[in-house]
Amino acid sequence: QVHLVESGGGLVQAGGSLTLSCEFSGYKFTSYAMAWFRQAPGKEREFVAVISWTGNNAYYANSAKGRFTISRDNDKDTVYLQMHSLKPEDTAVYYCAGDSNIVGISTALAEPDFGSWGQGTQVTVSS
């Protein structure tokens with residue numbers, strides 16, 4: 001079974017930074033496009049960022065563009081989300097997701113496009 005585990009969440013002041021990690025196991029990591037989603041209290045789960053198999057292409061939600069960076073280390077079977085200039089509205093549970101059958105990545109990707117999900121890690125940004 002494919003298994004993903006997020007880590008790195010926590011409490012941070014507005015303007016601060018956090019880096020989230022997602023460790024992958026159960027299949028060939030290099031075959032999977034990987035993404036980050038988040039879900040704030042009372043809100044629907046929303047797309048944050050996605051990265052291609054090779055790591056050469058990435059796309060971001062408008063809310064994340066310029067502040068967040070998605071990356072992957074295929075030798076470590078890990079995907080990262082570097083978050084800078086954090087705002088209170090970034091407070092959410094952050095989930096990593098992956099799928100081996102995505103032909104092309106874009107900002108239009110949504111929950112149904114990904115077959116494997118982690119359990120999430122809480123990020124709280126105080127004002």
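- The neighbour count for Gln119 CD, taken as heavy atoms of other residues, nucleotides or ligands under 6.0 Å away, does not exceed 12.
- Distance check, rounded to the nearest 0.5 Å: CG of Asn101 to CG of Asp113 gives 11.0 Å.
- Panel note: side chain Glu6, backbone Gly120; a donor-acceptor pair is recorded below 3.5 Å.
- Under a hydrophobic clustering in which Ile, Leu, Val, Met, Phe, Trp and Tyr are joined whenever their side-chain heavy atoms come within less than 4.5 Å, directly or via other members, Val79 and Leu18 fall into the same cluster.
- Hydrophobic clustering (side-chain heavy atoms under 4.5 Å, transitive across Ile, Leu, Val, Met, Phe, Trp, Tyr) keeps Tyr80 apart from Trp36.
- Considering every non-hydrogen atom in both Ile70 and Ala58, the closest pair reads CG2-CB, 3.7 Å.
- Of the charged side-chain nitrogens involved, none lies within less than 4.0 Å of a carboxylate oxygen, so that Arg72 and Asp77 do not count as a salt-bridged pair.
- Screening Val93, Leu11, Leu20 against Val123 for a side chain to side chain contact (heavy atoms under 4.5 Å, CB included) leaves a single residue, Leu20.
- With rounding to the nearest 0.5 angstrom, the CD1 atom of Ile51 is 10.0 Å from the OG1 atom of Thr69.
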Could you go through Ser126 and Gln13, starting from their C-alpha distance and side-chain angles, then the distance that decides it, and tell me whether this counts as side chain to side chain donor-acceptor pair (under 3.5 Å)? CA-CA 5 Å; Ser126 61; Gln13 293 272 26; 2.9 Å; yes
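- Side chain of Thr91 to main chain of Val125: a donor-acceptor pair is present (N/O by atom type, distance under 3.5 Å, no hydrogens or angles).
- Other residues, nucleotides and ligands contribute more than 12 heavy atoms inside 6.0 Å of the CD atom of Glu46.
- The closest donor-acceptor contact from the side chain of Tyr59 to the backbone of Ala108 lies at 3.5 Å or more, if one exists at all.
- What you find for Ser85 and Arg67 is that their closest heavy atoms are O-NH1, 3.0 Å.
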CA sep, side-chain torsions, deciding dist, call: Phe37, Trp117, ring pair (Phe, Tyr, Trp, His ring centres under 6.0 Å): CA-CA 10 Å; Phe37 288 75; Trp117 292 84; 5.0 Å; yes
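- With values rounded to the nearest 0.5 angstrom, Met34 atom CE is found 12.0 Å from Ile105 atom CD1.
- Side-chain contact, Thr19 with Gln82: no donor N or O sits under 3.5 Å from an acceptor N or O.
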Show your reasoning for whether side-chain contact (heavy atoms from CB on, under 4.5 Å) applies to Ser7 and Thr121. CA-CA 6 Å; Ser7 63; Thr121 185; 5.7 Å; no
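- The ring-ring contact (aromatic ring centres under 6.0 Å, His included) with Tyr32 is formed by just one residue from the set Phe24, Trp53, Phe114; it is Phe24.
- The cluster map of Ile, Leu, Val, Met, Phe, Trp and Tyr, joined by side-chain heavy atoms under 4.5 Å apart, puts Val48 and Val12 in the same cluster.
- Between Asp90 atom CG and Ser63 atom OG the span is 7.0 Å, to the nearest 0.5 Å.
- A donor-acceptor contact shorter than 3.5 Å is absent between the side chain of Arg45 and the backbone of Gln39.
- Side-chain atoms of Ser17 and His84 form a donor-acceptor pair, as typed in the model, at a separation below 3.5 Å.
- Under the ring pair (Phe, Tyr, Trp, His ring centres under 6.0 Å) criterion, no residue pair touches residues 86-108, with sequence neighbours excluded.
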